[in-house]
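Please read the structure below before turning to the comments.
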Amino acid sequence: MPVTCIVGLQWGDEAKGKIVDLLTEHFDIVVRYQGGSNAGHTVVTGGQKFKLSLVPSGIFRPEVQCVIANGVVINPATLVKEIDDLRQRGVTVGKNLLISDRAHVIFPWHIEEDRLLDQQCGGEAIGTTQRGIGPCYRDKVGRAHAIRLGDLYRPGLRERIEHIARIKQRILQSMDGQTTISLDPAEIFAEYTQYAERLEEFVGDTTTYLLDSVEAGKRLLFEGAQGALLDVDHGTFPYVTSSNSSGVGVSAGSGVPGRYVTKVLGIVKAYNTRVGGGPFPTEQANEIGQHIRDRGNEYGTVTRRPRRCGWFDAVAARYTTRLSGVDSLAVMLLDVLSELPELKICVAYELDGRRTINFPSQMDDLRRVTPIYETLPGWQEDICQVRRMADLPVNARRYLERISQLLGRPVEMVSVGPDREETIFV
Ligand code: GDP
Ligand code: IMO
Ligand code: MG
């Protein structure tokens, strides 16, 4: 399909990177449109493992144009390092990468604000990745203290950094009176001028480029970061990220109107995980959760925090499937569930004595729900070598069928290992 979106339907880390890399050969352009270096997308190719946070996962095919669009927030230090690392490992990064001059830039004060704010939630911390994502998006919306990538190439940058740094120093001090950071505007200006020089060859107007491209019938692949349950408007607020990480974010984050999108592929793990705070009805803080964490190597790509693990939540995934306008599903990490004697899928919640399949909008309600499970028999076989649906154990097929039924969408792909090859096309 000419314009396809890849959207994670859970709390992130659904293995979007693998799917984007796998599908890239069918597209002309791959676009990141929200999030920033809170994302960690893993691609395993040619026996090498790559972790990407800002560069689109399409970068491994040099003939494909990669775009970091306006909706992404960019830490230039991270981006420069990521580009250098990729080049060092033989990956082409040059004209095949275009970065929006409208994208907002993360500064040291954002990272410090992120750290201080997360300790001041009053109650359970959000547990952010501490990459300055929330504070940068807040400044974007607030406008007064924002700097966009294009501003790095305009006159007056030094004065602008001095002005904002002065204000931020006061804000940071008043936040807890004991911030250790001392913002040196001259140093920050010098550092960011260097980044700007390094990135200049990539920077341009991606909105016009993408509009020209869709009108010319080019094939676009949108690479969502995070997952729909972390969407700032529709997710498990306030335990969310600061961008629209469900399917609704594509237009605002790229400038490409939704009417051009011809297909949305929803990515789910065969179970649920979450990093950071917030309610998680099907969480298994027990040996089952540990089994999943061990087999799935469920540790954060960015922060290495152990991911919280639990049973597949079909109530949540049905909600995000509808929210993101999903056409079909890719079910990832199915191999991780091998050897469990039985598997559970949450098919409804009980809230205040009533059964519901609607996902609550209020977090205190979500904390109070009791998951209603359906139990399915597991399979003992290692399935990493399986490449055809027909060769999967019958119980694995039944499990996939039930997920498909509950979400009301066909399963198009099944992943049984991190490698490109370890994939079943249905
Ligand atoms: P993303 O943020 O959605 O791109 O996902 P992450 O890269 O953060 O996490 C997915 C992890 O699962 C990565 O380490 C992948 O290499 C790995 N992975 C992807 N697909 C599979 C699979 O089918 N089975 C297993 N065992 N691991 C997988
Ligand atoms: P990818 O793209 C999983 C989570 C954080 C925290 C919350 C807010 O790899 O799927 P933030 O730093 O964004 O303000 O943190 O969101 N989070 C992710 N969890 N995968 C991600 O990205 C995430 N990006 C943010 O753990 O709970
Ligand atoms: Mg990730």
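Ligands are counted one by one from 1 in listed order, and the atoms in each one are counted from 1 as well.
The environment of R143 atom CZ is sparse: at most 12 non-hydrogen atoms of other residues, nucleotides or ligands sit within 6.0 angstrom. Heavy atoms from other residues, nucleotides or ligands lying under 6.0 Å from CD of Q290 number more than 12. Heavy atoms of other residues, nucleotides or ligands lying less than 6.0 angstrom from CZ of R295 number more than 12. More than 12 heavy-atom neighbours from other residues, nucleotides or ligands sit within 6.0 angstrom of CZ on R89.
Near ligand 2, W11, G12, D13, K16, N38, A39, G40, H41, I126, G127, T128, T129, A225, Q226, L230, V240, T241, V275, G276, R305 each place a heavy atom less than 4.0 angstrom from the ligand. Protein residues are said to neighbour a ligand when one of their heavy atoms lies under 4.0 Å from it; for ligand 1 these are D13, E14, A15, K16, G17, K18, G40, H41, T42, T301, R307, L333, D335, V336, S415, V416, G417, P418.
Proximity of a side-chain donor or acceptor of E14 to a complementary backbone N or O of Q10 within less than 3.5 Å is detected. Here the side chain of R420 pairs no donor or acceptor atom with the backbone of K18 at under 3.5 angstrom.
Relative orientation of the F107 and W109 rings is parallel, given thresholds of 30° and 60° on the angle between their planes.
Of the listed residues (S242, S243, S246), just one forms a side-chain contact (heavy atoms from CB on, under 4.5 Å) with Q226, and that residue is S243. When each of L392, L337, V331 is paired with Y399, the side-chain contact (heavy atoms from CB on, under 4.5 Å) condition holds for L337 and for no other.
Taking 2.8 Å as the criterion, G12 does not count as a coordinating residue of the Mg ion (ligand 3), since none of its N, O or S atoms falls below it.
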Quiz prompt | Check against salt bridge (Lys or Arg N to Asp or Glu O under 4.0 Å), R148 and D139 | solution = CA-CA 10 Å; R148 306 202 295 181; D139 279 342; over 6 Å; no
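The nearest N/O/S atom of D13 to the Mg ion (ligand 3) is OD1.
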